[in-house]
Number of protein chains: 2
Amino acid sequence: MTTRKEKIASDLDRQFAELGFAEQGVEALRAGADVSLRTLYKYFPSREAMVVGALEYRDRTYFDWLAGGPDSGVEHVLHPIVRLGDWLREVANTGCLFLNALADHPDSAAIREVVIDHKARLADEFRRRLRTIAPDKDIERLAETLFLLHEGMTQTARLHGRERATAAALRAARAALAAEGIA
Amino acid sequence: MTTRKEKIASDLDRQFAELGFAEQGVEALRAGADVSLRTLYKYFPSREAMVVGALEYRDRTYFDWLAGGPDSGVEHVLHPIVRLGDWLREVANTGCLFLNALADHPDSAAIREVVIDHKARLADEFRRRLRTIAPDKDIERLAETLFLLHEGMTQTARLHGRERATAAALRAARAALAAEGIA
DNA sequence: GCGACGGTAGAGCGATCATTCTACCTTCCT
DNA sequence: AGGAAGGTAGAATGATCGCTCTACCGTCGC
């Protein structure tokens, strides 16, 4: 079931991703979501709430999108990085939506919180997957490395292109796994 | 010799780094640089020019700052990553100034250009250093990987802390070098 | 039929922004 | 001394912003 709020949040997310945060006023967001200003403010009572709503929407859909793929082995661990490559192909390549939001609203505690939550969830995803292939090892350092590669890939894709960034991230990830004696 | 314009550019850079781009109006920039509005506009005739001026200033100083350190071996190659750790300690930890500028002004061709130039120069720095330790190898893939780690480290430092991000980047860089049979 | 309800359109408000302009001051060359 | 050059302070301007408000409309149940 898609609620009306969910539909609007999806439109907001798409607009922020395509056009950035700074250059997108509330009136433009309203037009893009095809609702009246009053209705928009009913569900998101301030511009900041619209940004938070869009980020929360993307947080939800991103982890759904991550599901599937190989369910064991090294490929299972590397799947979020491969999948990020697909994501970067589908959406406009303007870097990480969460970090862009942070850059545009450095003083908003609510936005900072949702960004940190999303990134923490992503780091946990890597830990969870690593434990499936190395249950008796300390995988914390590897999890940090994979997270770093994931972040770097998003930013690098803007400058070096998606394919080269993905390949570099995967190469480095495999080397890091090998260096720790995994796979 | 420090020109007046250079001094103002340095003040702009500091202010953008500490407080971000979005929340810093021209009047605040003027106060921070301790000049009159007219003088500020004389050297930087628009707000966009102020952003470009600050980025160009940082581009210049960053490569000066990078000089020094070990002048051969793997440590020479990894020096930009180590040095980035120092940089992240000195300045406010708000991510990469260049990518933040891009996030805040997605439609400005001038800003996009200076960002891309800076990042290309950084990638070249890694290529140059790699050639000193592996003159007869194809180091392009390694250069891409080191660049990716550098970018990822900046972003990860905001969330995982500077030390852990630096350590993860260095570990992954050494593993990548080893995987390619270097060092 | 009709009133309540939940929606729309869009004008209006106050604040803030980038930019320009006026008026004055200091410094230094001749 | 005098005047040009180049600085200052800060008010004025016009545009834009986030947000609120008024007025109106279609669709229900009864």
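Throughout, a chain's letter reflects where its sequence line sits, starting with A, and its residues are numbered from 1.
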Expressed in angstrom and rounded to an integer, what is the separation of [X] atom [atom1] from [N] atom [atom2]?
{"X": "A:F44", "N": "D:dT20", "atom1": "CZ", "atom2": "C1'", "value": "19 Å"}
{"X": "B:R4", "N": "D:dA5", "atom1": "CZ", "atom2": "C1'", "value": "13 Å"}
{"X": "A:M50", "N": "D:dG18", "atom1": "CE", "atom2": "C1'", "value": "8 Å"}
{"X": "B:E23", "N": "C:dT16", "atom1": "CD", "atom2": "P", "value": "13 Å"}
{"X": "B:L40", "N": "C:dC17", "atom1": "CG", "atom2": "P", "value": "15 Å"}
{"X": "A:E27", "N": "D:dT16", "atom1": "CD", "atom2": "C1'", "value": "12 Å"}
{"X": "B:D34", "N": "D:dA9", "atom1": "CG", "atom2": "P", "value": "8 Å"}
{"X": "B:R47", "N": "C:dT19", "atom1": "CZ", "atom2": "P", "value": "9 Å"}

Which nucleotide in [options] has an atom nearest any side-chain atom of [X]:
{"X": "B:Y41", "options": "C:dG7, D:dG18, C:dT19", "answer": "C:dT19"}
{"X": "A:R38", "options": "C:dG7, D:dC19, D:dT22", "answer": "D:dT22"}
{"X": "A:R30", "options": "D:dA9, D:dG7, C:dA9", "answer": "C:dA9"}
{"X": "B:L37", "options": "D:dG10, D:dC19, C:dA18", "answer": "D:dG10"}

> How would you list all residue pairs meeting ring-ring contact (aromatic ring centres under 6.0 Å, His included) that involve residues 13-32 of chain B, not counting sequence neighbours?
Replying inline: B:F16-B:F21
> Using a distance-only test with no angle check, is there a side-chain donor-acceptor pair under 3.5 angstrom linking B:S108 and B:E48?
Replying inline: yes
>> Could you check whether A:K5 makes a cation-pi contact with A:F44, meaning its NZ or CZ is under 6.0 Å from the centre of the six-membered ring and within 45° of the ring axis?
In response: yes
> Do the charged groups of A:R121 and A:D124 touch, with an N to O distance under 4.0 Å?
Replying inline: no
> Hey, is the side chain of B:K42 poking within less than 4.0 Å of OP1 or OP2 on D:dG7, counting only N and O atoms?
Replying inline: yes
